[in-house]
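Have a look at the structure below, then the notes.
Here is the naming used below: chain letters follow the sequence lines, and residue numbers restart at 1 for every chain. Computed from a prediction, not measured in an experiment: that's the story for all the values here.
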Amino acid sequence: MTSHDLTAPTRRVRTRFAPSPTGFLHIGAFRTALFSFLLARRFGGDFILRIEDTDQARLVTNSLADIIGSLLALGIGYDEGPDKASVAALDAEKYGVVDPALLPDHGGDYGPYFQSQRLPRYRELLDQLLEEGKAYYAFETKEDLDRMRKAADIRKEPFRYNGKYRNYPLGEARDRVAGGESAVIRFKMPTDGPIRTVDALRGETVWDARTQDDFVILKGDGFPPYHFSSMVDDHDMAISHILRSEEWISSTPKHVCLFDAFGWEPPIFVHTPNVLGNDRKKLSKRTGAPPVKGTIYKPNGEPVIGLLDQGYLEDAVFNYLSITGWSPGDDTEVMTREEITRRFNLEGISASPALFDRDKLTWLNGVYLRHLSPAALVERALPYLIAAKLLPADPTPSERTYAASVIVLEQERLKTLDEIPGLTDFFFYPLPEYADKSVAKWLKKVGVAEYLTDVAVALGEVENWDAETVETATRGAGEKHGREKGDLTHPVRVAVTGREVGPSLFDAMGAMGSERVLARLAHAVEIARG
RNA sequence: GGCCCGGUCGUCUAGAGGCCUAGGAUGCCUCCCUUUCAAGGAGGAGACCACGGGUUCGAAUCCCGUCCGGGCUACCA
């Protein structure tokens, strides 16, 4: 997998997740966050959440709340990051509101953790680079650049900024800027020779400096772009490992040159493979990649519901995400958070992208659902019943008890919590909805009306109604009609549930109670005769 | 186009020159269990390890080339 010894880091492991609040993140992004979190936990280090809000124009209201809420919901808590005060200082119009209860009182000693609040530090470093002749003001406008790009395109040449202002006197440039002229600052990349970068997963890559150009490190709006701010922060925050998705590989030479210019030791770069959609493209809203929670909308307006809201368990999503793109080295797949944390390592991260496998997630979720205690399952399932209006928003104790007895009957069949209403609705209706096919197959048959009548009579005499007494009574009636196995249960099942599949018939009847069962039987007899 | 990264069953993966006639999981199929479904148990189909050359007694594993897929190529991240 890799030729590098990735174990036993030499300095304190500090990793970071540094999203930009410019939209709602999908699970691919959270997978990267999870790996960062896991690496820090594995080595007893720190996991930092830093918000890269240097692109003020693209800020999306409430995406900050979504990022923090989703991370915390998954159990990916940060040791350092946005706190009550720093979030309160934000412009709520632009950022939206974050529930203060989610935020720590003190964000950490390396803050602020919002890049928009770190401008003075960038300015200081920018000046240093300018003074040292490692960066320069450039006066082209975006339009100028566009023209140059088009011209290069026509000549079929790759576009590289020509470095026109590379040697422009700093004093003159400052005068022009002071005079109100708009400018950017660009970083002087080496003009030739090799640039070496090392990725923990892929080893060394040598880049030809002639393919690089002087990139912008301060935009016209006064904010530095990612290439600058992110690297400065990674250094200032003593980040040991940069885990980021693989589309950053090509800009790594920029980043190492920046570290070099400052004389800083660069962190270890770990480019994690992307999580792909079924189209083998990077997961995106377009392809319907689900968010962790909440709802996002595809470009065509179609809603995509968050995994957690679809009834996937936090633990299952955590587990699934951890094994897509990482393997502990053996065949273990179902692991607790503790086991994942204990076993996580860089060596197990795959260098090739993985497809988001919904089927496997669903299977894993079923495993977790089955491991839930009955009480916990009920707790998690109730909201879905309420949302489906099978239960009132504030159920009475007896409604609750009834719902609970019904929910536990479906535990072994459940794959996602949101299946609960569809699986149990007939328990709540006055009478079930009878599927025509099932009626034709099991009710409208010779002798069924008589059989069901006898079942009703036998059940009517049951004193202590429970699954066991109900079974005895039903079987007694069945034997009288020479019925056994499916012949015995199926007509009754269809009569009381309206369908052919479901939990154990006697358990179901036990939970329903005699009144419901007898009413349904009476109704079914009519259908059978009709 | 240029530069870069990747390529083992449909999917997620194990694999660090002989343990590989390639293992596990998921999905699919069959059977068992069983009042149905599910769960569980037992099987099965499914990968000429992208392709072609080399190195080696021996290669999925090392080297080269090709192809395919993906990423980047912004005053976005």
Euclidean distance for [atom1], [N] against [M] (whole angstrom):
{"N": "B:G65", "M": "B:C28", "atom1": "P", "result": "43 Å"}
{"N": "B:C29", "M": "B:G10", "atom1": "C1'", "result": "15 Å"}
{"N": "B:G40", "M": "B:G7", "atom1": "C1'", "result": "37 Å"}
{"N": "B:G41", "M": "B:G52", "atom1": "P", "result": "40 Å"}
{"N": "B:G27", "M": "B:A45", "atom1": "C1'", "result": "13 Å"}
{"N": "B:C68", "M": "B:C76", "atom1": "C1'", "result": "29 Å"}
{"N": "B:A25", "M": "B:A14", "atom1": "P", "result": "15 Å"}
{"N": "B:U73", "M": "B:U21", "atom1": "C1'", "result": "47 Å"}

Going 5' to 3' through nucleotides 70-77 of chain B and flagging B where a protein heavy-atom sits under 4.0 Å of the base, S where only the sugar-phosphate is that close, and - otherwise, we get SBS-SBBB
In B/S/- notation (B base, S sugar-phosphate only, - none; protein heavy atoms under 4.0 Å), nucleotides 29-48 of chain B written 5' to 3' is ------BBBBSS--------
### Task
Would you mind telling me which residue lines up with the more 5' stretch of RNA chain B, A:Lys360 or A:Gly325, judged by nearest nucleotide?
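Nearest-nucleotide comparison on RNA chain B picks A:Gly325.
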**Prompt:** If you draw the axis of the six-membered ring of A:Tyr137, does the NZ or CZ of A:Arg176 fall within 45° of it and under 6.0 Å from the ring centre?
**Reply:**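 Output no; distance or angle outside limits.
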Under the rule for ring pair (Phe, Tyr, Trp, His ring centres under 6.0 Å), what residues qualify as partners of [X], not counting sequence neighbours?
{"X": "A:Trp248", "answer": "A:Tyr226"}
{"X": "A:Phe344", "answer": "A:Phe35, A:Trp326"}
{"X": "A:Trp207", "answer": "none"}
{"X": "A:His227", "answer": "A:Phe215, A:His255"}

If I compare all heavy atoms of A:Pro353 with all of A:Glu246, which pair ends up nearest, and what's the gap?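 Here A:Pro353 and A:Glu246 meet closest at CG-OE2, 3.8 Å.
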Suppose we define a pair by two distances each less than 3.5 Å, Watson-Crick or G-U wobble; what does [N] pair with here?
{"N": "B:U55", "result": "none"}
{"N": "B:G10", "result": "B:U26"}
{"N": "B:C20", "result": "none"}
{"N": "B:G2", "result": "B:C72"}
{"N": "B:A39", "result": "none"}

Taking [atom1] from [X] and [atom2] from [N], how many angstroms apart are they, rounded to a whole number?
{"X": "A:Arg31", "N": "B:C12", "atom1": "CZ", "atom2": "P", "result": "12 Å"}
{"X": "A:Asp153", "N": "B:G1", "atom1": "CG", "atom2": "P", "result": "13 Å"}
{"X": "A:Trp207", "N": "B:C4", "atom1": "CH2", "atom2": "C1'", "result": "5 Å"}
{"X": "A:Arg196", "N": "B:C4", "atom1": "CZ", "atom2": "P", "result": "14 Å"}
{"X": "A:Ile349", "N": "B:A14", "atom1": "CD1", "atom2": "C1'", "result": "17 Å"}
{"X": "A:Arg244", "N": "B:C5", "atom1": "CZ", "atom2": "P", "result": "15 Å"}
{"X": "A:Met335", "N": "B:G24", "atom1": "CE", "atom2": "P", "result": "18 Å"}
{"X": "A:Leu355", "N": "B:A25", "atom1": "CG", "atom2": "C1'", "result": "16 Å"}

Next item on the list: Only counting residues at least two apart or in another chain, list the ones meeting side chain to side chain donor-acceptor pair (under 3.5 Å) with A:Lys134.
Entry: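 Partners of A:Lys134 under the side chain to side chain donor-acceptor pair (under 3.5 Å) test: A:Glu132.
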### Query
Excluding sequence neighbours, so at least two apart, what forms side chain to side chain donor-acceptor pair (under 3.5 Å) with A:Asp214?
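Testing A:Asp214 for side chain to side chain donor-acceptor pair (under 3.5 Å), a comparison that skips the adjacent residues, returns A:Tyr136, A:Arg166.
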A:Thr205 side-chain N/O to B:C5 phosphate OP1/OP2 under 4.0 Å
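Indeed, a polar side-chain atom of A:Thr205 lies that close.
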Per A:Glu333 side chain, nearest of listed nucleotides B:G24, B:G10, B:G6: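 Nucleotide nearest to A:Glu333's side chain: B:G24.
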* **Passing option when A:Leu417 is tested against A:Leu372, A:Leu377, A:Ile407 for side chain to side chain contact (heavy atoms under 4.5 Å, CB included)** =>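 Single side chain to side chain contact (heavy atoms under 4.5 Å, CB included) partner of A:Leu417 among A:Leu372, A:Leu377, A:Ile407: A:Leu377.
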Using 30° and 60° as the class boundaries, would you call the ring planes of A:Tyr168 and A:Tyr165 parallel, tilted or perpendicular?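 Perpendicular, since the angle between the ring planes exceeds 60°.
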Looking for any heavy atom pair under 4.0 Å, which part of the strands does A:Gly329 touch: base, sugar-phosphate only, or nothing?
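The residue A:Gly329 makes sugar-phosphate contact but no base contact.
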Next item on the list: Just grab all the side-chain hydrogen bond (donor to acceptor under 3.5 Å, both in side chains) pairs involving residues 406-418 of chain A, residues at least two apart or on different chains.
Entry: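 Passing the test, one end in residues 406-418 of chain A: A:Glu410-A:Arg413, A:Thr416-A:Asp418.
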*asked:* According to salt bridge (Lys or Arg N to Asp or Glu O under 4.0 Å), does anything in residues 476-497 of chain A pair up with another residue at least two apart or in another chain? List the pairs.
replied: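 Matches after skipping sequence neighbours: A:Asp454-A:Lys480.
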Pairs: protein N or O with nucleotides 61-64 of chain B N or O, under 3.5 Å:
none

* For A:Asp330, check side-chain contact (heavy atoms from CB on, under 4.5 Å) against everything at least two apart and list the hits. =>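 Expected list: A:Pro328, A:Thr332, A:Arg343.
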| Are A:Arg123 and A:Asp127 within salt-bridge range, i.e. N to O under 4.0 Å? |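 Salt bridge flag = yes for A:Asp127 with A:Arg123.
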